[in-house]
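Note that ligands are numbered from 1 as they come in the structure, with each ligand's atoms numbered from 1 the same way.
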Amino acid sequence: MQYYSLQDPQHKASFETAVVQGIAPDKGLYFPERIPALDPDFITHLHTYTDQQIGYEVIRPFIGEEIPEAALKQIVNDTLHFPFPIQKVTGHTYALELFHGPTLAFKDVGARFMAGCLGYFRRGSTRPVTVLVATSGDTGGAVASGFYNVPGVDVVILYPSKKVSTLQEKQLTTLGGNIHALEIQGTFDDCQRMVKTAFLDADIQSHRQLTSANSINVARWLPQMFYYFLAYKQMKAAHPRLVFAVPSGNFGNICAGMMAAAIGLPVSHFVAATNINDTVPRFMQNGQYEPGKAVPTLSNAMDVADPSNFVRVLQLFGNNLPSLKEKFTAYSFNDKDTVRTMEQVWKEHHYMLDPHGAVGYLGLQKYLAGVPDLTGVFLETAHPVKFEDTAPKALQDVIYTPPRVMSLYGKEKEATLLAADYDVFKKWLMR
Ligand SMILES: *Cc1c(COP(=O)(O)O)cnc(C)c1O
């Protein structure tokens, strides 16, 4: 499969180039040059396949022959080695739990899949590639865990000092080996700016080959299609047409769901639920794309003002707003709604939401209120324990702590403290 740059459709690249570069040289996002179509029989018989077989069938057309069958199967097996259960929350709403992976958030799937692909493409190479990533919390842990010990790959993670949760910090600072954590004395925006500047810096590029591991990278974006197929596998017997509600920040996850639908998964509607960073909900109302400045919220992994993957969503619909509206709705919710929902869902349904899942749940309820005979699935994107620090006191006492989290608390943090100053960072990278 070839990929083209959304800035310039004439610029094309192989899957390998798209993965290793991350973003096209003209700064456009890569997009598959054609939308494959899955065999309808495969969808009809989805329940007869294992999760790993489904993952392989879904991703194969996007890669073609660039990774041989056995190697790709291995990558998919290593990616999908934990469960993706569906839990009933109310009569017509279900949670798809995406937090059973190593770092307790859905980003494990994309990070592990990308690590597998990059490891494959760099096999036998003498010049290591450096994965450079800025994180507001969840991405860093998933990338650290996914890329840990991948030969030929070095990982540098920038995170804002004192602005990630204790658990998140442990996840990115306790592995060692090929994982380097830089604790930046600044904000997430400072981290992101330093990373972006480094990608444009010829001195650094000649010293190290850099790539990014956020959802701009096709190898992190596309495997997220798996969630939607795995949900459908579990729901199809009783509910053949689903609504999916997705808590959205950079819109990579929901855009992968929409790609899943484009290649043949029957989905009735997509609901993007954001926190008060509502650039997309506003766009859907008035057609004006006006990203402001990101505002901090309780669902901090979605504190994004200018979601990078929304251009891909638009591309899937030929940049036609009316046809997008037929399949896609976006709503925004504030922290007060979020907390109230976490409390209420625990009290009434005995289901513990994290703040991101709570936003997704709200989006689903709002949409279903207008179409009461439909059934919906919201994506529970993180384990509540990851955001325990900011949960209401009464809930903190009852949030379950999985044993593998307990052992993390005892591990020693290893991070390099740096000023939020590009020259200091550059010197560290050039050392
Ligand atoms: C990253 C993240 C999101 C947002 O996903 P996007 O693909 O950026 O829209 C939602 N919830 C959690 C817990 C996350 O870590």
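Counting protein heavy atoms only, atom 8 (O) of ligand 1 is closest to N250 N, 2.8 Å. Summary of contacts: the protein heavy atom closest to atom 3 (C) of ligand 1 is F106 CE2, 3.5 Å. In terms of protein heavy-atom proximity, atom 1 (C) of ligand 1 is nearest to K107 NZ, 1.4 Å.
Compare N275, N253, D108, I254 by their heavy atoms: the one nearest to atom 7 (O) of ligand 1 is in N253. The nearest non-hydrogen atom to atom 9 (O) of ligand 1, considering only G249, G360, A256, comes from G249.
In this structure, F99 does not count as a contact residue of ligand 1, since none of its heavy atoms falls inside 4.0 Å of the ligand. In this structure, A105 does not count as a contact residue of ligand 1, since none of its heavy atoms falls inside 4.0 Å of the ligand.
In this structure, R60 CZ and I67 CD1 are separated by 8.0 Å, a value rounded to the nearest 0.5 Å.
No more than 12 heavy atoms of other residues, nucleotides or ligands shown are found within 6.0 angstrom of CD on E414. More than 12 heavy-atom neighbours from other residues, nucleotides or ligands sit within 6.0 angstrom of NZ on K325.
For the 3.5 Å distance criterion, the side chains of Y289 and D306 qualify, holding a donor opposite an acceptor. With 3.5 Å as the limit, one finds no donor-acceptor pair spanning the side chains of S161 and Q185.
Note on ring orientation: taking the six-membered ring where Trp is involved, the planes of F15 and Y3 are tilted (angle from 30° to 60°).
Side-chain rings of Y361 and F378 approach one another, their centers coming within less than 6.0 Å.
Using a 4.0 Å cut-off between charged nitrogen and carboxylate oxygen, R112 and D108 do not count as a salt-bridge pair.
Per-residue contacts place P247 under 4.0 angstrom from the following atoms of ligand 1 (heavy atoms of the residue considered): 4 (C), 10 (C). Interface of A382 with ligand 1, defined as ligand atoms under 4.0 Å from a residue heavy atom, comprises 13 (C). Atoms of ligand 1 lying under 4.0 Å from at least one heavy atom of M302, given by number and element, are 10 (C).
The proximity of K386 to ligand 1, defined as any non-hydrogen pair under 4.0 Å, does not occur for either the backbone or the side chain.
For D138, a nitrogen or oxygen atom sits less than 3.5 Å from a nitrogen or oxygen atom of ligand 1, counting backbone and side chain alike.
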